[in-house]
Amino acid sequence: MFFNGTFGSGMNNYSLSWEAPAKGITIYGRDNGFFVVGCDFDVDLFDHVRNPIGSCTSRCHGEVLPNHGPCNGIGCCSISLWKDISGFQATIIPADSMAAQSDPLHPGIMAFMSDEGYYTENATDLFSSWTNASKIYGAELQVAITDQPSCKSARMNNASYACATDSYCRNASNGGYSCYCHYYNSYYTTNAYLSEGCTPQDYNPKPKDHCPTTTTCGSMTIPFPFGLREGCSANERFQLNCTAGNTVFSSGGAQYNVTDVSVEDGTLTVSNLLNNASSSREIIIIETSDNGYLEGLPVEDQFDFSMEYDIVIRWVVSNSTCQKAKRNITGYACRSVHSDCLNVNRGKIFMGYRCKCLSGFQGNPYVEDGCSDINECLLPNYCNGTCENVPGSYKCTDCPHGKEFDSIRRRCVTSTKQRNILLGTAIGTGCGLGSIVIALGVIILANKWKKGIQKRIRRAYFKKNQGLLLEQLISDESATSKTKIFSLDELEEATNNFDATRVLGHGGHGTVYKGILSDQRVVAIKKSKIVEQIEIDQFINEVAILSQIIHRNVVKLFGCCLEDEVPLLVYEFISNGTLYELLHTDTTVKCLLSWDDRIRIAMEAAGALAYLHSAATIPIFHRDVKSSNILLDGNFTTKVSDFGASRSLSLDETHVVTIVQGTFGYLDPEYYHTGQLTEKSDVYSFGVILVELLTRKKPIFINDLGAKQSLSHHFTEGLHEGSLVEILDSQVVEEADREEIDEIASLTEACLRVKGGERPTMKEVEMRLQFLRTKRLRKMQHLTEKDGDIEPLLCPNDKSLYGHIDLVNAGSSGCYSLEQEFASSFGMPR
């Protein structure tokens, strides 16, 4: 932009201004300056809101003040911009000596905003050199997109984002953003606002007709895509020159002597500068181009370019990826059939792609048929036999028997070592036999070593699992004859190495397997998950207690194993599951147990608990009496199980204070609140079992209102309200008479009293149940003699229960198959 003006007579100053025609247009501050040509004046420059930018002085007479910038202050001055501006105001004030008259030699001034690359030393031809507008570049304007305040917000709105692919965005100084191509030079279109505005100049994959694919300069061969003649390279970036027999590569005004060109490695090796050489240390920067990306490896500070040092420059055909390049058939550089594309990176920075011959081929991949097959058979050490070359590879056939490969003649010849075959065979046989003997010895020693380690590990587990203590606890002769500490090998053999097909069931505390001991006894092996020391102590407690108990209604413990990470218990095989499952598996179906069976089971369980309380060697409190711990064998005989939580007392103790342990719904409230465990705690839990037998409801059940309720509280409440019959199981109402129900209910109510001292002993409970069952049997005998009909203890349609393990078909409630054998001992949490 140019401004011409003349100082008139009496004028004190001359003003000029410019403002951007639209929002977003600014003068780029980094490369532009304000120039004023004329004599004897001072200039002040302001932005469009009168903020000062700078000032300068021009003189043609007298002393000239020093000026900085392209002008030296003689006949011109300049002001550099230090920021982007959207307008400016300038005031030009004549010097005092010239204010009164006009200089005929310098009648006016010329001002312009332009690139700062101007400087003149010819003061005599001042106006002719500066006023020639054709030699002055205009100011560089910067245009910004103003619909968004910054690049970040613009990228978030893809629909209106203005920048092209392969461009980058920069925030404008006055708001908005501008777009730029990554490589701004003559090899690129530079309209970063078009969708393909930053695309490179086309790469020419074929040399022109008059251009050879290979040229020479001196002793060096120059392959395509490089070329020596103008237009014979793939593009201008690959253009080399041949000067006085030397190949020259030019970049950035400097020239380099090329010593090697490799299309296989994608490298260009150059030596020292041929011109513009400097003895100063410098870093070489090779410009990059989308077509022919040349990248110089940095030269370290200590190297002097006046000396002979080689620089290896890696180059690529284009900065496109292989995937993108292959879609452009006309511009794809890899022309040979046996070539492929290779992406090139410098560290984590992607450079572009180049071409490479396939494995087994060599040559120039940038020209058609440039990659030729390598004859591997002509290369040494490729084949010790008959070699056959195939495209890209080779086939090798070993020499026939009796011949060997001659590496000098490269063929199979008759062996001269036949006389040594027998000796070699003998030596080989001896070595082989010796190796076999050594190998067998190593295997045997390794097996012994492994067995020794296994033995030590099992012994360590034995000690960790309190095996020494258990041996002392069961050392009594009467117990020793009944309880055995099994080895892990015995139980692995009994369960076929704990095969999954032997699993009877899973529970919260472990898995139960069916096993057959060496004496043909069928057992249930309980493999617990316990790993905590307190649970191991409970395990030892259970074994010690069960080893002292001999009672037909207590599950029989054959022994245990302590050589595994977790201890194992070996029980007698119980085939018909638990009372809990029999009562609660399917409450919509008539229960398998008759009223007589329920009385008998209750009586047998009470007898077992009474034995524990009063007839055992030392009193034992079970502490976890519940229906899931009452098992039923093939004859539905009661078996009380799970003594892991039990406690034994000395004869002079009446109670023991312990951490409260048991199952909710069965837990004695007095024990829960005081922590004092007595025999009456087991009585309370047994009372809950009696309620289960009467009502066939779970100890914690969902009532008609959908809320959880305690069965013991529900029973006591119904008994006091006189609605007992309404909460009883319908089968009980059908089979029992009112007197029997009242007696059982009275006994149950006594067991469930809150205060333990008001509850009967387990022995009293057993005697009352025995009395009730005896009276029931006499009544049935009387009816039999009278009616001549025998009433079975079990339901009429279930007579097969006695004498056969497969009790009922799968659809009936309370049926138990072999798959359920003893598994339910883990079925309920403690």
> In Å and rounded to the nearest 0.5 Å, what is the CZ to NE2 distance from F715 to H720?
Replying inline: 9.0 Å
> K556 and E572: which non-hydrogen atoms are nearest, and at how many Å?
Replying inline: N-OE2, 2.7 Å
> Shortest non-hydrogen contact from L562 to P567?
Replying inline: CD2-CB, 3.9 Å
> Do R773 and D596 meet the salt-bridge criterion of a basic N to acidic O distance under 4.0 Å?
Replying inline: no
> Any idea which heavy atoms bring A745 and L724 closest together, and the distance?
Replying inline: CB-CD2, 3.6 Å
> For L693 and A602, which heavy atoms make the closest approach, and how far apart are they?
Replying inline: CD1-CB, 3.8 Å
> Just by modelled atom types, is the N629 backbone N or O under 3.5 Å from a matching donor or acceptor in the S641 side chain?
Replying inline: yes
> Between R768 and E743, is the closest basic N to carboxylate O distance under 4.0 Å?
Replying inline: no
> Do I601 and L632 pass the side chain to side chain contact (heavy atoms under 4.5 Å, CB included) test, and can you show the C-alpha distance, the side-chain angles, and the key distance before you say yes or no?
Replying inline: CA-CA 9 Å; I601 290 171; L632 301 171; 3.9 Å; yes
> So, do F636 and N576 sit near enough that their side-chain heavy atoms are less than 4.5 Å apart?
Replying inline: yes
> Do I630 and Y580 pass the side chain to side chain contact (heavy atoms under 4.5 Å, CB included) test, and can you show the C-alpha distance, the side-chain angles, and the key distance before you say yes or no?
Replying inline: CA-CA 8 Å; I630 296 178; Y580 180 90; over 6 Å; no
>> Could you check whether atom CG of D704 has more than 12 heavy atoms from other residues, nucleotides or ligands sitting under 6.0 Å from it?
In response: no
>> How long is the straight-line distance from OG of S575 back to CG of L631, given to the nearest 0.5 Å?
In response: 10.0 Å
>> Can you give me the closest heavy-atom contact between G559 and F486, atom names plus distance?
In response: CA-CE1, 3.7 Å
>> How about CD on E493, more than 12 heavy atoms from neighbouring residues, nucleotides or ligands closer than 6.0 Å, or not?
In response: no
> Among side-chain atoms of D624 and T663, is any donor-acceptor pair under 3.5 angstrom?
Replying inline: yes
>> For the backbone of H622 and the side chain of H613, can you confirm whether one donor and one acceptor N or O come within less than 3.5 Å of each other?
In response: no
> Charged N to carboxylate O below 4.0 Å: is that the case for R459 and E563?
Replying inline: no
> Distance only, no hydrogens: is a donor on one side chain within 3.5 Å (strictly under) of an acceptor on the other, for S487 and D489?
Replying inline: no
>> Return the OG1 to CG distance between T761 and D682, rounded to the nearest 0.5 Å.
In response: 12.0 Å
>> Do the side chains of R600 and E604 get close enough for a salt bridge, i.e. N-O under 4.0 angstrom?
In response: yes
>> Quick one, E490 and K484 - any side-chain contact, counting heavy atoms below 4.5 Å?
In response: yes
> Can you find a heavy atom in the side chain of V625 that is under 4.5 Å from one in the side chain of Y666?
Replying inline: no
> For the residue pair Q709 and N703, what are the closest heavy atoms and their distance?
Replying inline: OE1-ND2, 3.1 Å
> Has the side chain of D499 got a donor or acceptor atom that lies under 3.5 Å from a matching backbone atom of T501?
Replying inline: yes
> Any side-chain heavy atom of R753 within less than 4.5 Å of one from K680?
Replying inline: no
>> Within 45 degrees of the ring normal and closer than 6.0 Å to the centroid, is that where the cationic atom of R521 sits relative to F558?
In response: yes
> Does the side chain of E735 come under 3.5 Å of the side chain of Q731 through a donor N or O and an acceptor N or O?
Replying inline: yes
>> Treating S746 as the side-chain partner and D742 as the backbone partner, does any N or O pair qualify as donor plus acceptor under 3.5 Å?
In response: no
> Between D729 and R598, is there a side-chain N and carboxylate O pair less than 4.0 Å apart?
Replying inline: yes
>> Using 0.5 Å steps for rounding, measure from the OG atom of S685 to the CG atom of L609.
In response: 9.0 Å
> What do the steps show when you test K514 against T495 for side chain to side chain contact (heavy atoms under 4.5 Å, CB included), and what is the final call?
Replying inline: CA-CA 7 Å; K514 181 180 179 180; T495 58; over 6 Å; no
>> Would you call the rings of H714 and F701 parallel, tilted or perpendicular, taking 30° and 60° as the class edges?
In response: perpendicular
> Can you tell me how far the NZ atom of K451 sits from the CZ atom of R456, to the nearest 0.5 Å?
Replying inline: 14.0 Å
>> Within the 4.5 Å heavy-atom criterion, are P760 and C751 side-chain neighbours or not?
In response: yes
> Does a side-chain heavy-atom distance below 4.5 Å link I744 with L772?
Replying inline: yes
> Short question: side chain of T637, backbone of D633 - any donor-acceptor pair under 3.5 Å?
Replying inline: no
> Rounded to the nearest 0.5 Å, how far does CG of L694 lie from CG of L711?
Replying inline: 9.5 Å
> Hey, mind stepping through K448 and I453 against side chain to side chain contact (heavy atoms under 4.5 Å, CB included) and telling me if it holds?
Replying inline: CA-CA 9 Å; K448 288 185 177 181; I453 292 178; over 6 Å; no
> Are a donor atom and an acceptor atom from the side chains of W595 and E740 found within less than 3.5 Å of each other?
Replying inline: yes
>> Using only atom types and a distance under 3.5 Å, with no angle test, would you say the side chain of S723 pairs donor to acceptor with the backbone of E726?
In response: no
>> Any non-hydrogen side-chain atom of L569 less than 4.5 Å from a side-chain atom of Y571?
In response: yes
> So is K527 actually on top of F498's ring, under 6.0 Å and inside 45° of the axis?
Replying inline: yes
> Are any non-hydrogen side-chain atoms of T578 and E581 less than 4.5 angstrom apart?
Replying inline: yes
>> For E692, is there an ion pair with R696 - N to carboxylate O distance below 4.0 angstrom?
In response: no
